[in-house]
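Order of appearance sets the numbers: ligands from 1, and atoms from 1 within every ligand. Note that this is a predicted model, so its numbers are computed, not measured.
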Amino acid sequence: MISVPEAISFIQQIPISHKIQEVPLSDAGYKILGRTTVSKINMPPFRQSAMDGYAVQLHNSAAYKVIGEIKAGDAVDIELAQGEAVRIFTGAPVPKTANCIIIQEHTERKGDYFIATKNYTANQNIRPVGEQIKEGDIALKKGTMLTPAAIGFLAGLGFAKVPILPAPKVGIITTGNELVEPGNPLPTGKIYESNTIQLQACLSKAGINGITTYKVQDDYPSTVNTIANAMANNDLILISGGISVGDYDFVKEALQELAVKQTFYKVNQKPGKPLYFGTHDQTYIFALPGNPASSLTCFYIYVIPLLHRLLGYPHTGLKKAVFKLSKALSKPGSRAQFLKAQVKDGECHILEGQNSSMLHTYSVANALAYIPENLTSLQAGENIEVYLLP
Ligand SMILES: Nc1nc2c(c(=O)[nH]1)N[C@H]1C(S)=C(S)[C@@H](COP(=O)(O)OP(=O)(O)OC[C@H]3O[C@@H](n4cnc5c(N)ncnc54)[C@H](O)[C@@H]3O)O[C@H]1N2
Ligand code: MOO
């Protein structure tokens, strides 16, 4: 059995090789850019007026003669002599011979002339060619998250497609003879299946959709076949249940038969002791303990950091913070614990219902408090490290 820090460090260090996929810009939101992109144009592509007003060739007098008009989208150049002006609008090309835009609020128009009511100097309100970026310069570097601004920036440079790191394909395998789909009657001895939808909700929050789900009974051949099928079609597989030591827990043996390379099995933690992680070529496989709270906590602490790495995020894992414990606590046993908690106003309140099978208080938790294995008690007011839930 390994410790929590050891298990986390295995996940942080497991080698990942990213694929790159060209996608329409409209599908690239919040994805990670797979290659450095270089601008093919100057932005702006021409000298551009930044305001509505008059493009002028400055001279010593405040009076200017208006000899024409240029609006956004026009492709004209009007030659100006000193003291001449053209009416111009925001985004329109500035004539080569103009050296300033006087905004219309600073003018008094009289027929073909206007009087400037403020002093202007050269280059005011003109956006020079390539002011934002020049042709051939790096627009965004590989590894940049494509935020709405980044998407807008690339669209403004004319990109219709971008290379991204695609989201991994994820499969969820749920095991257990006792499981019944919610919405059906509940026969004796059965329980409603909740881990699949819970994990799907987690994945969807992490930006992963199109998940394939598989259900398998506690039966060895079906477990092997289902895992083999999932391995052929997914980059990441989450198996729920059947990973402990009972006579009907077949997952570990099935993974072994399928030549999955075990990275670790069993972590000195509560909940989630029988957590398994392994790899098969480029497929990453977690076997999450079946207890619903164990499965969820293992997702937050171990699956999320791997997912973030697969997605190419620069920072991986849930955000951590330190809060003051609101009430003293003692930790029996030598396993590290992740406790369902609520944090607010600088304090961490440990919730009731910590059992691995219970989700009631987990539903209102916004954090998991971490008690390392070597700590046995904490006083009220002491600092406690928490993982903030997404
Ligand atoms: N002799 C031992 N027994 C157990 C140990 C141990 O070390 N020695 N570890 C315990 C711990 S800790 C955990 S956690 C569980 C994990 O067992 P499995 O991963 O094999 O999970 P199952 O036995 O299949 O299920 C456990 C529990 O969770 C319920 N469950 C399972 N799947 C779902 C689902 N999809 N939706 C809702 N609930 C689910 C299941 O009915 C069981 O009640 O093992 C302990 N045993
Ligand atoms: O590890 Mo189990 O999740 O304690 O019940």
Worksheet item: Do NZ/NE/NH1/NH2 and the carboxylate oxygens of Arg35 and Glu22 come within less than 4.0 Å?
Response: yes

Worksheet item: Looking only at N/O atoms, are Pro289 and ligand 2 under 3.5 Å apart anywhere?
Response: no

Response to the item:
Filtering Leu288, Val251, Val245, Asn291 for the heavy atom nearest atom 2 (C) of ligand 1 leaves Val245

Worksheet entry | Heavy atom of the protein closest to atom 38 (N) of ligand 1 (residue, atom name, distance) | Ile191 CD1, 3.3 Å

Item to complete: Please state whether Tyr248 comes within less than 4.0 angstrom of ligand 1, counting heavy atoms only.
Response: no

Worksheet item: Which option out of Ser294, Ser295, Gly290, Pro271 puts a heavy atom nearest to atom 32 (N) of ligand 1?
Response: Gly290

Item to complete: Determine whether the side chain, the backbone, both or neither of Leu179 has a heavy atom under 4.0 Å from any heavy atom of ligand 1.
Response: side chain

Practice prompt. Could you tell me whether ligand 1 has any atom less than 4.0 Å away from a heavy atom of Ser357?
Written response: no

Worksheet item: Looking only at N/O atoms, are Lys273 and ligand 2 under 3.5 Å apart anywhere?
Response: yes

Worksheet item: Applying a strict 4.0 Å limit to heavy atoms, is Pro274 in contact with ligand 2?
Response: yes

Discussion item. If we set the cut-off at 4.0 Å for heavy atoms, which region of Gln354 has an atom near ligand 2: side chain, backbone, both, or neither?
Written reply: neither

Worksheet entry | Closest protein heavy atom (residue, atom, distance) for atom 7 (O) of ligand 1 | Lys273 NZ, 2.9 Å

Discussion item. Taking Lys320 first and then Glu385, would you say they form a salt bridge - that is, a charged N and a carboxylate O separated by under 4.0 Å?
Written reply: yes

Item to complete: Compare every heavy atom of Ile172 with every heavy atom of Thr196, then report the nearest pair and how far apart it is.
Response: O-CD1, 3.9 Å

Worksheet item: Nearest to atom 11 (C) of ligand 1 by heavy atom, Pro274, Ser194, Gly272, Ser240: which?
Response: Pro274

Discussion item. Does ligand 1 come near enough to Pro289 that some N or O of the ligand is less than 3.5 Å from an N or O of the residue?
Written reply: no

Discussion item. Distance under 4.0 Å to a non-hydrogen atom of Glu178: what atoms of ligand 1 satisfy this?
Written reply: 31 (C), 40 (C), 41 (O)

Worksheet entry | Pairwise side-chain contact, Leu255 with Ile227, heavy-atom cut-off 4.5 Å (strictly under) | yes

Worksheet item: Is there side-chain contact between Val267 and Val4, with at least one heavy-atom pair below 4.5 Å?
Response: yes

Worksheet entry | Minimum-distance protein heavy atom relative to atom 22 (P) of ligand 1 | Gly242 N, 3.9 Å

Worksheet entry | Minimum-distance protein heavy atom relative to atom 3 (O) of ligand 2 | Ser294 OG, 2.3 Å

Worksheet item: atom 23 (O) of ligand 1: which protein heavy atom is closest, and how many Å away?
Response: Asp249 OD1, 3.9 Å

Worksheet item: Which atoms of ligand 1 sit under 4.0 Å from any heavy atom of Ser244?
Response: 3 (N), 4 (C), 5 (C), 6 (C), 9 (N), 16 (C), 17 (O), 18 (P), 19 (O), 20 (O), 44 (O), 45 (C), 46 (N)

Worksheet item: Any ion pair linking Arg87 and Asp52 (charged N to carboxylate O, less than 4.0 Å)?
Response: no

Response to the item:
With heavy atoms and a 4.0 Å threshold, my read on which part of Ser356 contacts ligand 1 is neither

Practice prompt. Heavy-atom contacts with Glu193 under 4.0 Å: which atoms of ligand 1 show up? List them by number with element.
Written response: 34 (C), 35 (N), 36 (N)

Item to complete: Would you check, one step at a time, whether the test ring pair (Phe, Tyr, Trp, His ring centres under 6.0 Å) holds for Phe114 with Tyr54?
Response: CA-CA 9 Å; Phe114 75 81; Tyr54 295 90; 4.2 Å; yes

Discussion item. Under a 3.5 Å cutoff, is there a donor and acceptor pairing between the side chains of Asp281 and Thr283?
Written reply: no

Item to complete: Identify, for atom 34 (C) of ligand 1, the protein heavy atom at the shortest distance, and state residue, atom and that distance.
Response: Asn195 ND2, 3.3 Å

Worksheet item: Which ligand 1 atoms are under 4.0 Å away from a heavy-atom of Thr174?
Response: 35 (N)

